[in-house]
Asks: 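Before I ask anything, here is the structure I am working with.
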Amino acid sequence: MKITLKDGSVKEYSEAKSIIDIAKDISEGLARVACAGEINGELVDLRTEIEGDCELNIITATDPKALYVIRHTASHVLAEAVKRLFPNAKVTIGPAIDDGFYYDFDSEPFSREDLDKIEAEMKKIIKEGHEITRFTLPRAEAIQYMEEKGEPFKVELIQDLPEDAEISFYDQGGFVDLCAGPHLMNTKGVKAFKLTSSSMAYWRGDSNKARLQRIYGTAYNKKEELAAHLERMEDAKRRDHNRLGREMELFTTVDVIGQGLPLFTPKGTKMIMKLQRWIEDLEDNEWGYMRTRTPLMAKSDLYKISGHWDHYKEGMFVFGDEEKDKEVYALRPMTCPFQYYVYKNTQKSYRDLPCRYSETSTLFRNEDSGEMHGLTRVRQFTITEGHLIVRPDQMVEEFKGCLALAKYCLETLGVNGDVTYHLSKWDPENKEKYIGEPEVWNETEQHIRDILTALDIPFVEDVGEAAFYGPKVDINAKNVYGKEDTMITVQWDALLAEQFDMYYIDQNGDKVRPYIIHRTSMGCYERTLAWLIEKYAGKFPTWMCAEQVRVLPISDKYEAYAQEVCRALKKSGVDATVDSRSEKIGFKIREARLDKLPYMLVVGQQEEADHTVSVRSRFAGDEGVKSLDNFIAEITEEIRNKTIREEMPSEEK
RNA sequence: GCUUCCAUAGCGCAGUUGGUAGCGCAACUGAUUCGUAAUCAGUAGGUCGAGGGUUCGAGUCCCUUUGGAAGCUCCA
């Protein structure tokens with residue numbers, strides 16, 4: 001057989017040979033650093049026997065793909081260490097994940113001290129340098145083997161595998177774990193790892209099943225890479241909006257007000273208002289939207305028509321008891337039906353469509369108490385929410401327009417490169433969660449697929465993520481810790497018009513059901529602000545800053561001029577303040593830097609005499625002396641264009 | 001809702017085997033009037049989240065409870 005290597009060279013063997021033996025054949029050095037193989041692009045174990053012609057890439061420790069194998073082996077070392085220290089713990093599963101690995105145990109909870117002990121034990125196991133060997137058993141024998149070892153979770157895993165499956169195990173010096181691999185050849189290959197945290201997890205993610213203890217860790221090829229990763233995690237903590245947003249006094253929470261109900265301070269409110277004014281004007285002036293203003297609550301009757309009463313009652317704040325009270329009200333968890341009744345206010349002709357309604361809409365959702373987090377999961381939030389009532393023949397064009405608007409918003413915020421697009425589909429296996437016919441679902445999903453393809457937007461498809469009334473496009477972003485949240489959603493709805501008896505009159509004078517697009521252009525302000533805080537680490541583009549310029553008089557003598565400068569800036573729409581405290585200029589600059597202000601204007605005798613300002617910015621440091629008029633012209637231009645200036649390297653002290 | 005951890009001045013923290021509640025920043029008062037990242041001096045601020053228990057004595061140990069964090073589950 002012929003084996004083509006990565007560099008194009010070809011090796012020929014007369015009989016089947018394992019990848020590790022091929023590596024040894026090439027050089028002993030290569031065999032030492034080999035972590036896995038890649039046969040025709042598929043990651044496989046080094047022990048894999050190659051039987052026919054193929055392309056082989058031997059993955060070495062420095063290859064990023066090796067991390068998956070290193071981490072997987074690290075999770076086995078973790079399991080062995082736990083079994084040594086806690087013999088009663090039962091092992092379950094332990095995969096490699098994006099930035100590390102975890103292993104779930106049925107055990108008493110682990111404390112940080114336990115993790116430290118386990119970490120020390122893992123180091124011992126690695127130092128002992130156990131050879132890792134692989135063997136297989138027929139299914140029945142595998143079950144018996146794991147039963148004898150007293151590992152019921154492993155038995156359950158094997159029972160789910162096909163009858164005729166050959167079950168693979170990995171043995172590292174006596175510790176044997178059911179595993180599909182791939183793994184390193186020796187525990188020594190785990191060179192740099194750290195256990196990061198422990199938490200609770202359910203067996204197979206099912207809250208009705210056993211509660212397990214999950215230990216998270218991370219592993220890298222080199223100690224420096226591990227250190228860099230831990231440094232990134234520290235940086236993420238510094239950027240965390242839930243911490244930085246409070247530090248910067250953008251928002252706060254109060255225990256007597258309640259969980260998931262953030263309060264925005266003047267600074268945070270100003271930022272949100274800048275975003276809101278921008279979006280409202282943009283939608284109304286350039287994208288043909290009409291603004292509505294509808295109630296924050298409604299009688300249960302409305303939600304019964306919309307289907308929310310049956311599908312989403314648990315998530316709503318409901319006032320009153322249906323048994324006792326004549327009328328029951330609920331705060332709205334969405335805007336849709338309210339805007340439908342705006343549409344229904346007058347009879348519409350086909351000429352009136354599309355009707356693009358938008359509203360800066362406050363919504364209420366009764367999330368579970370453990371779900372709330374900073375500004376990203378809250379019980380009251382305000383979203384730039386809209387519904388487009390369109391003729392079926394306009395649907396594709398309008399849906400495209402919604403995505404184009406969303407993309408424009410993301411670009412302006414400077415975050416378009418950080419998102420992923422998802423086509424969220426229904427789940428045909430779970431029909432009771434959705435309304436409408438399967439054919440309609442498949443048809444609309446294909447329409448959206450075509451639109452995304454036409455717009456040249458790369459996307460992934462997620463089963464079971466659709467709204468109950470239709471499929472949608474979700475635009476997701478990751479937070480500093482890599483957790484994904486939906487920022488923007490555009491939803492296709494060919495069904496709810498029926499429930500609300502919405503129609504328009506077509507050319508023939510017939511009543512026709514319109515289609516509906518549920519969409520947001522920038523998402524909800526709370527979540528978007530959280531995202532911006534983390535993206536910019538609090539150093540926002542000038543246009544969205546609550547305080548854009550601070551005028552710093554050298555001494556009290558120049559306060560009058562400083563106030564004059566400030567007034568001139570405010571008159572031009574720039575958010576400016578004066579730091580008139582009797583402090584030294586160095587101190588005022590330090591504070592302004594810590595407040596992450598874009599611009600500081602130092603003014604003293606010279607500036608007052610020449611009607612100039614000494615400009616110091618977050619982007620370029622000392623920008624020199626400019627005439628006041630010039631500075632105002634520049635900064636108003638920067639704000640109007642929503643320019644994102646490049647930050648200079650941090651000189652924080 | 002579940003598991004673990006945490007809760008001490010406005011914020012960030014320290015507080016020894018249980019023995020008189022502390023530090024830094026901020027705040028306030030005064031002095032200083034200064035040219036690009038911290039001027040000096042002083043003052044005030046706390047039922048140690050709440051409730052109960054053990055003890056001669058609890059910030060510290062135990063129980064209950066409230067809130068926060070991480071993770072899980074859920075998410076129109």
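Convention: sequence-line order gives letters A, B, ...; per-chain numbering from 1.
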Asks: Watson-Crick or G-U wobble partner for B:U39, using a 3.5 Å limit on both distances?
Replies: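 Paired with B:A31.
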Asks: Just how far, in rounded Å, is C1' of B:A69 from NE2 of A:His241?
Replies: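 These atoms are roughly 13 Å apart.
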Asks: State whether A:Tyr216 places a side-chain N or O below 4.0 Å from either non-bridging phosphate oxygen (OP1 or OP2) of B:C72.
Replies: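 Looking at the OP1 and OP2 atoms of B:C72, one of them is under 4.0 Å from a side-chain N or O of A:Tyr216.
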Asks: Nearest-Å distance, CZ (A:Phe251) to P (B:G68)?
Replies: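 Nearest whole value for this atom pair: 12 Å.
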Asks: Starting from P on B:U36, measure out to CD1 on A:Ile554 and report it in whole angstrom.
Replies: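 Between P of B:U36 and CD1 of A:Ile554: 8 Å.
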Asks: To the closest 0.5 Å, what do you measure between CE (A:Met122) and OG (A:Ser75)?
Replies: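 So the gap between those two atoms works out to 8.5 Å.
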Asks: Please check this pair: side chain of A:Arg214 against backbone of A:Phe105, looking for a donor-acceptor N/O pair closer than 3.5 Å.
Replies: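 Such a contact is absent between A:Arg214 side chain and A:Phe105 backbone.
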Asks: Picking from B:C74, B:C34, B:A37, which would you name as closest to the side chain of A:Lys557?
Replies: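 My answer, after comparing the listed nucleotides, is B:C34.
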Asks: Go through B:U39, B:A69, B:U33 for me and flag the one nearest to the A:Ser555 side chain.
Replies: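 Nearest to the side chain of A:Ser555 among the choices is B:U33.
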Asks: Would one find a side-chain N or O of A:Lys588 under 4.0 angstrom from OP1 or OP2 of B:A38?
Replies: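 Result: no.
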Asks: Please state the C1' separation for the pair B:U55 and B:U60 - nearest whole angstrom.
Replies: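 One C1' to the other, the span is 13 Å.
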Asks: Just how far, in rounded Å, is C1' of B:C34 from CG of A:Asp579?
Replies: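 Taking CG of A:Asp579 and C1' of B:C34, I get 13 Å after rounding.
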Asks: Side-chain donor-acceptor pair under 3.5 Å between A:Thr486 and A:Arg527, yes or no?
Replies: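 There is no such pair between these side chains.
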Asks: Calculate the interatomic distance between A:Tyr558 atom OH and B:G35 atom C1'; express it in whole Å.
Replies: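 A:Tyr558 atom OH is separated from B:G35 atom C1' by 10 Å.
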Asks: Name the nucleic acid region contacted by A:Gly586, choosing base, sugar-phosphate or nothing; use a 4.0 angstrom heavy-atom cut-off, strictly under.
Replies: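 Sugar-phosphate only.
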Asks: Output yes when A:Arg332 and A:Glu359 qualify as a salt bridge under the 4.0 Å nitrogen-oxygen rule, no when they do not.
Replies: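 Result for this pair is yes, salt bridge flagged.
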Asks: Treating primed atoms plus P, OP1 and OP2 as sugar-phosphate and everything else as base, which nucleotides of nucleotides 23-31 of chain B get B, S or - for protein heavy atoms under 4.0 Å?
Replies: ---------
Asks: Under 3.5 Å, is there a donor on one side chain and an acceptor on the other for A:Asp462 and A:Ser424?
Replies: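 Their side chains do not contain a donor-acceptor pair, so the 3.5 Å distance test is not met.
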Asks: Over how many whole Å does the gap from A:Met316 atom CE to B:C75 atom P extend?
Replies: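 Distance check: A:Met316 CE to B:C75 P gives 16 Å.
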Asks: With both distances kept under 3.5 Å, what pairs with B:C48, Watson-Crick or G-U wobble?
Replies: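 Partner of B:C48: none found under 3.5 Å.
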Asks: Taking a pair as Watson-Crick or G-U wobble with both distances under 3.5 Å, which nucleotide is matched to B:A7?
Replies: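 Across all strands, the one nucleotide that pairs with B:A7 is B:U66.
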Asks: Under 4.0 angstrom, heavy atoms only, what part of the nucleic acid is A:Ile589 near: base, sugar-phosphate, or nothing?
Replies: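 Touches a base.
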Asks: In this structure, which one of A:His518, A:Met395, A:Arg519, A:Lys472 forms a side chain to side chain contact (heavy atoms under 4.5 Å, CB included) with A:Trp492?
Replies: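 Between A:Trp492 and the candidates, side chain to side chain contact (heavy atoms under 4.5 Å, CB included) is satisfied uniquely by A:Met395.
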Asks: Go nucleotide by nucleotide along RNA chain B from the 5' end; which of A:Asp622 and A:Pro333 gets its closest nucleotide reached first?
Replies: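 Nearest nucleotide further toward 5': that of A:Asp622.
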Asks: When you compare B:G15 with B:G57, how far apart are their P atoms, in angstrom units rounded to a whole number?
Replies: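 B:G15 and B:G57 have their P atoms separated by 26 Å.
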Asks: From the list B:A38, B:C72, B:G35, which nucleotide is the closest neighbour of the side chain of A:Arg214?
Replies: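 From the listed options, B:C72 comes nearest.
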Asks: Using only heavy-atom distances, determine whether the side chains of A:Tyr599 and A:Glu623 contain a donor-acceptor pair under 3.5 Å.
Replies: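 The answer is no; no qualifying pair exists.
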Asks: Return the 5'-most residue of the pair A:Ser614, A:Ala467 with respect to RNA chain B, ranking by each residue's nearest nucleotide.
Replies: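 Counting from the 5' end, the first nearest nucleotide belongs to A:Ser614.
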Asks: Please name the nucleotide paired to B:G71 by Watson-Crick or G-U wobble geometry with both distances under 3.5 Å, or report none.
Replies: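 Result: B:C2.
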Asks: Checking base pairs now: Watson-Crick or wobble, both atom distances under 3.5 Å. What partners B:C13?
Replies: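 By the stated definition (distances under 3.5 Å), B:G22 pairs with B:C13.
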Asks: Please examine the side chains of A:Ser300 and A:Tyr329, heavy atoms only from C-beta on, and report whether any two atoms are closer than 4.5 Å.
Replies: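 In short, these two side chains do not touch, never coming nearer than 4.5 Å.
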Asks: In terms of side-chain heavy atoms of A:Asp240, which of B:A70, B:C34, B:A37 is nearest?
Replies: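 Side chain of A:Asp240 sits closest to B:A70.
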Asks: Could you work out the separation of B:G59 and B:A7 based on their P atoms and round it to a whole Å?
Replies: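 Comparing P positions in B:G59 and B:A7 gives a spacing of 15 Å.
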Asks: Suppose you measure atom C1' in B:G18 against the same atom in B:C72; what distance do you get, rounded to whole Å?
Replies: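 Result for the C1' pair: 38 Å, nearest Å.
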Asks: Take the protein atom CD of A:Gln606 and the nucleotide atom P of B:C34, then report the distance between them rounded to whole Å.
Replies: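 So the CD-P distance, A:Gln606 to B:C34, works out to 15 Å.
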Asks: Looking only at atom P, what distance separates B:A27 and B:C63, rounded to whole Å?
Replies: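 Roughly 42 Å separates the two P atoms.
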Asks: Give the intermediate values and the outcome of side chain to side chain contact (heavy atoms under 4.5 Å, CB included) for residues A:Leu375 and A:Tyr525.
Replies: CA-CA 9 Å; A:Leu375 296 179; A:Tyr525 291 96; over 6 Å; no
Asks: Given B:G35, B:A37, B:C34, identify the nucleotide with an atom nearest to the side chain of A:Arg593.
Replies: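 Between B:G35, B:A37, B:C34, the one nearest the side chain of A:Arg593 would be B:A37.
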Asks: For A:Ile93 and B:C72, give me the distance from atom CD1 to atom P, rounded to whole Å.
Replies: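 Rounded to the whole Å, the gap is 12 Å.
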Asks: Using a cut-off of 4.0 Å on non-hydrogen atoms, how would the nucleic acid contact of A:Glu623 be classed: base, sugar-phosphate, or nothing?
Replies: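 Answer is nothing: A:Glu623 stays at 4.0 Å or more from every strand.
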Asks: Once you apply a heavy-atom cut-off of 4.0 Å, does A:His518 come out as touching a base, just sugar-phosphate, or nothing?
Replies: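 Result for A:His518 = nothing.
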Asks: Ignoring hydrogens and angles, does a donor from either the side chain of A:Glu249 or the base of B:G10 sit under 3.5 Å from an acceptor on the other?
Replies: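 In this structure, the two groups form no donor-acceptor pair.
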Asks: Has the side chain of A:Arg377 got a donor or acceptor that lies under 3.5 Å from a partner of the other kind on the base of B:C75?
Replies: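 Answer yes: a donor N or O sits under 3.5 Å from an acceptor.
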Asks: Please give the distance between the P atoms of B:U54 and B:C62 as a whole number of Å.
Replies: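 Those two atoms are separated by 15 Å.
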Asks: Side chains of A:Thr362 and A:Thr382 only: does a donor on one sit below 3.5 Å from an acceptor on the other?
Replies: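 Side-chain D/A pair, A:Thr362 to A:Thr382: present.
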Asks: So does A:Arg616 get a side-chain nitrogen or oxygen closer than 4.0 Å to the phosphate oxygens (OP1/OP2) of B:A37?
Replies: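 So the side-chain polar atoms of A:Arg616 do come within 4.0 Å of the phosphate oxygens OP1 or OP2 of B:A37, strictly under.
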Asks: Between B:G71 and B:G10, how far apart are the P atoms? Round to whole Å, please.
Replies: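 B:G10 and B:G71 have their P atoms separated by 29 Å.
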Asks: Could you work out the separation of B:A26 and B:C13 based on their C1' atoms and round it to a whole Å?
Replies: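 Those two atoms are separated by 14 Å.
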